[in-house]
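Read the structure below first, then the notes.
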Amino acid sequence: MIAIGCDHGGFNHKQMIIKYFEENNIEFLDCGTFEPVSCDYPDIAEAVCNSILDGSCDRGILVCGTGIGMSIAANKIDGIRAAHCTDTYSARMSRQHNNAHILCLGERITGCDLALDIVKEFLAAEFLGDRHQKRVDKIMALEK
Ligand code: RB5
């Protein structure tokens, strides 16, 4: 299950990604916002992160205007690794090397088609483990 959320700056991309999920029978949890009205991105980041931490979702997508606010907020939450990506290579690496739970996108930065390609790459890639596990463990140890 994939959690997805946005603020007003990422609303159009969220709807576009949801359409892709629906057309491809990909299960998702829409954590809002549900209308393109000004709201605070940390609230949405928290909702998506909580759905990962409570086990109801295994990946998340957060969209705001730049992707930056969402990634800063999500990475403040213990246990979460969020990757702000503007290209498909980074999206793939964020899974393979960093075992990122959450992809952050910026609607005002990344166009629709590229954003969707980034989502597909992020969802298709798997963590490679091995030497990368030790490094991810060290990242998580930084929380303590
Ligand atoms: C909202 O105007 C904007 O600040 C937000 O979507 C995001 O880009 C913050 O990082």
Side-chain angles (χ1 to χ4, degrees), residues 1-128 132-133 135-144:
M1 177 83 85
I2 299 157
I4 185 163
C6 69
D7 71 351
H8 53 290
F11 188 77
N12 296 314
H13 269 21
K14 178 170 76 87
Q15 297 312 109
M16 181 262 303
I17 295 164
I18 283 176
K19 183 166 176 281
Y20 166 75
F21 288 163
E22 287 173 341
E23 287 171 356
N24 290 278
N25 298 314
I26 296 169
E27 285 196 313
F28 65 93
L29 174 68
D30 187 352
C31 296
T33 188
F34 299 104
E35 49 184 359
V37 173
S38 184
C39 64
D40 300 330
Y41 56 82
D43 298 335
I44 306 293
E46 184 179 21
V48 167
C49 289
N50 284 340
S51 78
I52 304 275
L53 294 172
D54 71 15
S56 49
C57 293
D58 42 26
R59 306 271 177 88
I61 296 171
L62 285 167
V63 195
C64 63
T66 59
I68 296 170
M70 285 296 195
S71 63
I72 292 173
N75 280 312
K76 289 283 181 198
I77 297 176
D78 279 5
I80 292 295
R81 292 179 298 281
H84 175 212
C85 297
T86 57
D87 65 277
T88 53
Y89 177 79
S90 297
R92 186 165 73 250
M93 287 300 121
S94 78
R95 290 288 308 135
Q96 292 185 340
H97 287 196
N98 313 118
N99 201 11
H101 309 99
I102 293 179
L103 168 68
C104 300
L105 296 167
E107 178 175 314
R108 297 173 188 159
I109 307 296
T110 306
C112 293
D113 289 1
L114 177 56
L116 200 52
D117 280 353
I118 291 170
V119 167
K120 290 174 188 172
E121 198 75 38
F122 179 79
L123 295 179
E126 294 295 342
F127 182 48
L128 295 176
H132 304 295
Q133 183 63 61
R135 295 163 187 166
V136 170
D137 289 345
K138 287 190 175 186
I139 292 174
M140 303 324 285
L142 295 172
E143 288 178 350
K144 300 192 179 80

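In each ligand, atom 1 is the first atom listed, and ligand 1 is the first ligand listed. Heads up: numbering here begins at 1 and tracks the sequence.
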Would you mind checking which non-hydrogen protein atom is closest to atom 9 (C) of ligand 1, with the distance to 0.1 Å? Tyr41 CE2, 3.4 Å
Going by distance only, is there an N or O of Thr66 that falls short of 3.5 Å from an N or O of ligand 1? yes
Can you establish whether the number of heavy atoms outside Asp113 located under 6.0 Å from its atom CG is more than 12? no
Which residue in the set Ile2, Ile26, Leu103, Ile61 passes side chain to side chain contact (heavy atoms under 4.5 Å, CB included) when paired with Ile17? Ile61
Do other residues, nucleotides or ligands put more than 12 heavy atoms under 6.0 Å from the CD atom of Glu27? no
Atoms of ligand 1 less than 4.0 Å from Gly65 heavy atoms? 5 (C), 6 (O), 7 (C), 8 (O)
Mind checking whether Phe127 and Val136 have side chains closer than 4.5 Å, heavy atoms only? yes
So which atom in Glu107 and which in Gly10 form the shortest heavy-atom distance, rounded to 0.1 Å? OE1-C, 3.0 Å
Can a non-hydrogen atom of Arg108 be found less than 4.0 Å from any atom of ligand 1? yes
Under 4.0 Å, counting heavy atoms only: does Glu107 come that close to any atom of ligand 1? no
For Gly69, the ligand 1 atoms with a heavy-atom partner under 4.0 Å come out as 9 (C), 10 (O)
Closest to atom 6 (O) of ligand 1 by heavy-atom distance, out of Ile109, Ile72, Asp7, Ile44, is Asp7
Does the N or O separation between Ile68 and ligand 1 drop below 3.5 Å for any pair? no
Proximal ligand 1 atoms for His8, defined as those under 4.0 Å from one of its heavy atoms: 1 (C), 2 (O)
Side-chain contact test, heavy atoms from C-beta onward, threshold under 4.5 Å: evaluate it for Ile102 versus Arg81 and give yes or no. no
Please work out whether the ring planes of His97 and His132 are parallel, tilted or perpendicular, with thresholds of 30° and 60°. parallel
